[in-house]
Amino acid sequence: MQKNTVREKLRRGEPSLGTWVTIPHALVAGMLARTDFDWLTVELEHTPMTIETAALCFALVAARGKVPLARVPVNSVENIKRVLDTGAFGVIVPMVNTRAEAEAVVAAARYAPEGARSIGGLLHAQNFSTDPGEYYAKANGQILVVVMMETAQAVENANEILSVPGIDACFIGPNDLHKSLGLPPMFESDHPAFVQSVDRILRVAKKNKVAAGIHVVDAQTAQRRIAQGFQMIAVGSDAAFLMGQAQKESQLPR
Ligand code: 3PY
Ligand code: MG
């Protein structure tokens with residue numbers, strides 16, 4: 001059975017780098033899987049990505065030896081089941097604000113006895129280069145479970161959330177977190193409320209032996225976050241890379 005190399009890295013305390021696949025076509029995920037990113041998150045929360053396209057993305061990314069993750073639209077059994085059963089190696093769940101919500105994530109993502117995930121499907125096993133029997137036996141040790149911390153409530157409840165058994169990592173959504181703190185949405189700021197929230201999440205994650213992650217806009221910021229102790233860094237997205245370069249090249253005076 002193929003290993004989830006990103007989960008292994010995080011458990012060893014090492015940093016990992018990824019990006020977001022927001023353009024709903026498997027070729028985009030396939031192209032990005034040719035880069036040095038460790039993982040690619042297929043974005044189902046804020047895009048027109050369908051589950052069929054997501055499944056094709058998971059298959060291509062896994063076939064190219066990288067780790068396919070999925071950000072689901074909302075914390076629900078149905079969403080988590082469908083992305084894992086169609087071959088994602090892990091799930092990133094937005095807006096996890098309470099211990100009960102974190103417990104629900106684990107229940108949906110882990111098979112019994114750690115959780116209550118329903119048995120079924122074939123693509124999950126195929127992406128891990130195995131058969132369903134081995135997948136069902138070993139998936140709990142491979143699937144990466146990530147809860148997003150992106151509200152003031154989540155910061156307040158950080159210890160209750162991150163002490164839930166079965167969570168591998170937390171991931172800060174800086175835009176939603178800024179908004180929740182009454183600030184304009186953005187990826188970075190030195191506003192004390194944001195800085196203190198980020199520091200608290202990092203501290204509580206370390207205390208609970210949970211890896212911490214955050215979304216940033218460029219490699220330079222990623223480096224700073226890694227130096228700070230973050231282990232799961234998302235740099236930009238396919239669309240941001242495309243538009244950033246296209247906009248720059250279109251500026252030629254004429
Ligand atoms: C946010 O910034 O809110 C995010 O969800 C980034 O992934
Ligand atoms: Mg968000």
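Just so you know, ligand 1 is whichever comes first in the structure, and atom 1 is the first atom listed for that ligand.
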Please tell me whether N157 and N97 have a donor and an acceptor in their side chains that are separated by less than 3.5 angstrom. no
Pairwise distance CD1(I143) to CD(E114) - rounded to 0.5 angstrom: 12.0 Å
F230-H215 aromatic ring centre distance below 6.0 Å: no
For ligand 1, what N or O to protein N or O distances fall under 3.5 Å?
unit_1, atom_1, unit_2, atom_2, d
ligand 1, 2 (O), P174, N, 3.2
ligand 1, 2 (O), N175, N, 2.7
ligand 1, 2 (O), N175, ND2, 2.9
ligand 1, 3 (O), E150, OE1, 3.2
ligand 1, 3 (O), D176, N, 2.9
ligand 1, 3 (O), D176, OD2, 3.1
ligand 1, 5 (O), R71, NH1, 2.7
ligand 1, 5 (O), E150, OE1, 3.2
ligand 1, 7 (O), R71, NH1, 3.0
ligand 1, 7 (O), H215, ND1, 2.8

Will you find, in the side chains of N75 and E101, an N or O donor that is under 3.5 Å from an N or O acceptor? no
Please confirm whether the ring centroid of F171 lies under 6.0 Å from the ring centroid of W20. yes
Given a cut-off of 2.8 Å, the protein N, O or S atoms lying below it from the Mg ion (ligand 2) are E150 OE1, D176 OD2
Does the ring center of F128 lie less than 6.0 Å from the ring center of F89? yes
Does one hydrophobic cluster hold both V83 and Y135, with members joined at side-chain heavy-atom distances below 4.5 Å? yes
H178-S189 side chain donor-acceptor pair, cut-off 3.5 Å: yes
Would you please say whether a donor-acceptor pair under 3.5 Å links the side chains of N208 and S163? no
